[in-house]
A.B. asks: 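Provided herewith is a single structure, encoded as structure tokens, for subsequent inquiry.
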Amino acid sequence: MDCILRQTHFLNARLADGSLADLTVTGGRFSAIAPAANAAGPPAGAVDLAGQLVLPAFVEGHIHLDTSFYGDAWRPHIPCTDGFDVRERVAFQMRSLEQAAPMDERAKNQLELCVGHGSLAIRSHVVVDAAVGLKHVETILGVREKYRELIDIQLVAFPQSGILSSPGTAELLDGALKLGCDLIGGLDPASFDRDVNGHLDVVFGLAERRGVGVDIHLHDGGTLGLFEIEEICARTAAMSMQGKVAVSHAYALGDISADTLARAGEMLAASGVAIMTNAPGNHPFPPVAALREAGVTVFAGSDNIRDSWWPYGDGDMLNRANMIGYRSGFYEDRELEAACDLVSHAGAKALGLEGYGIAVGAKADFVALKAEHVPEAVVAVPRERTVFRRGMLVARDSRMTS
């Protein structure tokens, strides 16, 4: 995407504060933002946004590019035999993947779905274990390279089958980081590997050795899950990794008393550990408002999109904001704005994105849609929207144009 000398003017853009502005994009970044001039003779090639709301491109904070079946044949959901069980779900997933379309095709389908809805930065977890080795990582790295001009992709080396319980996985995770993964992942150190310290020793040891961030799946609930979060926070602080560690799901935070949650919020904020939630329908999830009030960075992701874990998911982060707001009981405008923040600025902070937002000097990655303001956008989830990457049109009405 050649935008080195390209300059484009976007007229009559509605900003989050309700004002109308003219935006100038030069070399892929916002070079000027000024009150709408309504000039009789607009600059050549100017794009009139006609009062549409302009939001920074959405951030998809948690997705699985290698295991989605989106665009593939419909696969009926297989329920666990005795309640939710991570090990059983992993087994179902491996069985289904053997019959799935090629991984690069499925990943491409999912990426284009995300771009079409306005997500131009994502974090994807990619399976690394003794059964698949580094094959998933190698395939998704190839897909990332093909789409690098359209979307920013962070990859997490994800030990889906555990670390200590899957011999050789620690070495494979190190290999995945050397190949190009950006973060090291983890999975339920207590209930899956049954050794919290041993599991975290590997995760944080690799993070320190390779200079990468951490993003750990944590499904464990109640006091067990809280204990694991405490251990993660302690290691983060001890290694001065504030702002580089996230806990995904963290169901335990939605399964404890208000007083305990308040103390957990203080601890998370002090250690700079972020929390990712997708507000799943059948699990307690982190109380977004209380954690944000404590100063915790809470961001959002779709997690699974039409895969072995559940048949839902549409890759639309604005719809995810709507879902989180609905499940959180958000009604006031400020609360709806907070829901949008989870899929935009908070996500950008958690992912460490440079140059994010609608501001001079920021990257001109943005979405224009028909809404008067942010609360209406979250509630209405307008389907008519245009998506711009570095000031160039890449999607319209949920479909990629390039």
Side-chain angles (χ1 to χ4, degrees), residues 13-18 49 51-63 68 70 110-124 150-152 276-281 285 288-289 292 298-306 312-351 353 356-358 362-389 393-401:
R14 187 173 302 280
L15 303 181
D17 64 5
L49 296 177
Q52 291 185 90
L53 179 66
V54 169
L55 299 174
F58 304 125
V59 178
E60 168 59 83
H62 187 117
I63 207 167
S68 169
Y70 180 78
Q110 199 174 6
L111 277 179
E112 294 188 2
L113 177 73
C114 293
V115 172
H117 288 310
S119 291
L120 297 182
I122 72 168
R123 175 177 288 179
S124 174
L150 282 172
I151 184 169
D152 297 319
M276 190 292 304
T277 187
N278 64 328
F285 66 99
V288 173
R292 283 173 57 91
V298 185
F299 65 113
S302 296
D303 194 13
N304 310 99
I305 295 180
R306 301 189 192 180
Y312 295 100
D314 62 2
D316 185 349
M317 292 309 291
L318 188 57
N319 192 41
R320 183 63 52 179
N322 176 289
M323 191 181 307
I324 292 172
Y326 178 84
R327 291 215 62 212
S328 299
F330 289 174
Y331 307 126
E332 298 178 38
D333 281 3
R334 62 177 180 81
E335 295 173 318
L336 297 172
E337 290 169 352
C340 188
D341 188 66
L342 264 66
V343 305
S344 54
H345 290 278
K349 181 179 179 182
L351 270 62
L353 302 182
Y356 183 85
I358 309 298
K363 295 178 181 177
D365 293 351
F366 64 97
V367 182
L369 45 80
K370 293 184 178 180
E372 289 295 316
H373 40 62
V374 171
E376 182 186 8
V378 172
V379 170
V381 192
R383 296 299 175 186
E384 295 183 21
R385 57 185 91 160
T386 47
V387 183
F388 297 88
R389 168 76 160 173
L393 179 69
V394 294
R396 185 189 301 277
D397 300 339
S398 302
R399 299 184 67 86
M400 280 181 43
T401 60

A.B. asks: Looking at side-chain heavy atoms only, is the closest gap between Ile63 and Asp303 below 4.5 Å?
C.D. replies: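 Result no, sub-4.5 Å side-chain heavy-atom pair not found.
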A.B. asks: Counting C-beta onward and ignoring hydrogens, is there a side-chain heavy-atom pair between Val378 and Phe330 closer than 4.5 Å?
C.D. replies: no
A.B. asks: Could you pull out the closest heavy-atom pair between Thr277 and Ile324, with the gap in Å?
C.D. replies: O-CD1, 4.0 Å
A.B. asks: Hey, does Asp316 have a side-chain heavy atom less than 4.5 Å from the side chain of Arg385?
C.D. replies: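 Yes - at least one pair of side-chain heavy atoms lies under 4.5 Å apart.
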A.B. asks: Answer whether the closest heavy-atom distance between the side chains of Leu111 and Ile122 falls below 4.5 Å.
C.D. replies: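 Counting from C-beta outward, Leu111 and Ile122 do come under 4.5 Å.
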A.B. asks: Is Arg123 reaching over with its side chain to a backbone N or O of Gly61, donor-acceptor style, under 3.5 angstrom?
C.D. replies: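 No, because the side chain of Arg123 does not come within donor-acceptor range (under 3.5 Å) of the backbone of Gly61.
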A.B. asks: Val374 and Ala16: which non-hydrogen atoms are nearest, and at how many Å?
C.D. replies: CG2-CB, 4.2 Å
A.B. asks: Give me the atom names and distance for the closest heavy-atom approach of Met400 to Gly116.
C.D. replies: CG-N, 4.4 Å
A.B. asks: Any heavy-atom pair between the side chains of Val298 and Leu342 that's under 4.5 Å?
C.D. replies: yes
A.B. asks: Between Tyr70 and Leu113, is there a side-chain heavy-atom distance shorter than 4.5 Å?
C.D. replies: yes
A.B. asks: Do the non-hydrogen side-chain atoms of Asn319 and His117 ever get within less than 4.5 Å of each other?
C.D. replies: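 No, every pair of side-chain atoms sits at 4.5 Å or beyond.
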A.B. asks: Let me confirm one number: the CZ-SG distance from Phe58 to Cys114, rounded to the nearest 0.5 Å.
C.D. replies: 12.0 Å
A.B. asks: What is the minimum heavy-atom distance between Val343 and Ala300, and which atoms define it?
C.D. replies: CG1-CB, 3.9 Å
A.B. asks: Can you measure from CD (Glu60) to CD1 (Ile305) and round to the nearest 0.5 angstrom?
C.D. replies: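 Answer for the CD-CD1 pair, Glu60 versus Ile305, is 6.0 Å.
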A.B. asks: Working to the nearest 0.5 Å, report the span between OG of Ser68 and CD of Gln110.
C.D. replies: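 One gets 3.5 Å once the value is rounded to the nearest 0.5 Å.
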A.B. asks: Walk me through it: do Leu318 and Leu369 pass the test side-chain contact (heavy atoms from CB on, under 4.5 Å)?
C.D. replies: CA-CA 11 Å; Leu318 188 57; Leu369 45 80; 3.9 Å; yes
A.B. asks: Provide the closest heavy-atom pair for Ala371 versus Pro382 in the form atom of the first, atom of the second, distance.
C.D. replies: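 Taking Ala371 first and Pro382 second, the nearest heavy atoms are CB-CG, 4.5 Å.
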A.B. asks: Under 6.0 Å from the CZ atom of Arg383, do we count more than 12 heavy atoms belonging to anything else shown?
C.D. replies: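 Above 12, so yes.
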A.B. asks: If you measure from CG on Leu336 to OH on Tyr331, what distance do you get to the nearest 0.5 Å?
C.D. replies: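 One gets 10.5 Å once the value is rounded to the nearest 0.5 Å.
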A.B. asks: Hey, what's the ring geometry for His345 with Tyr356, parallel, tilted or perpendicular (30° and 60° as the breaks)?
C.D. replies: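 Perpendicular, since the angle between the ring planes exceeds 60°.
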A.B. asks: Find the distance between CZ (Phe366) and CG (Leu120) and round it off to the nearest 0.5 Å.
C.D. replies: 10.5 Å
A.B. asks: Under a 3.5 Å distance rule, please check whether Thr401 uses its side chain to pair with a backbone N or O of Val394 as donor and acceptor.
C.D. replies: yes
A.B. asks: Walk me through it: do Asp152 and Arg389 pass the test salt bridge (Lys or Arg N to Asp or Glu O under 4.0 Å)?
C.D. replies: CA-CA 10 Å; Asp152 297 319; Arg389 168 76 160 173; 3.0 Å; yes
A.B. asks: Okay, side chain of Arg320, backbone of Asn278: is any donor-acceptor separation there less than 3.5 Å?
C.D. replies: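 Checking the backbone N and O of Asn278 against the side chain of Arg320, a donor-acceptor pair under 3.5 Å is found.
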A.B. asks: Looking only at heavy atoms, which two atoms of Ala121 and Leu353 are closest? And how far apart?
C.D. replies: CB-CD1, 3.7 Å
A.B. asks: Check whether any side-chain heavy atom of Leu150 lies under 4.5 Å from a side-chain heavy atom of Glu112, and answer yes or no.
C.D. replies: no
A.B. asks: Look only at the side chain of Ser344 and the backbone of Pro56, and say whether a donor-acceptor pair between them is shorter than 3.5 Å.
C.D. replies: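 Looks like no, no N/O pair under 3.5 Å.
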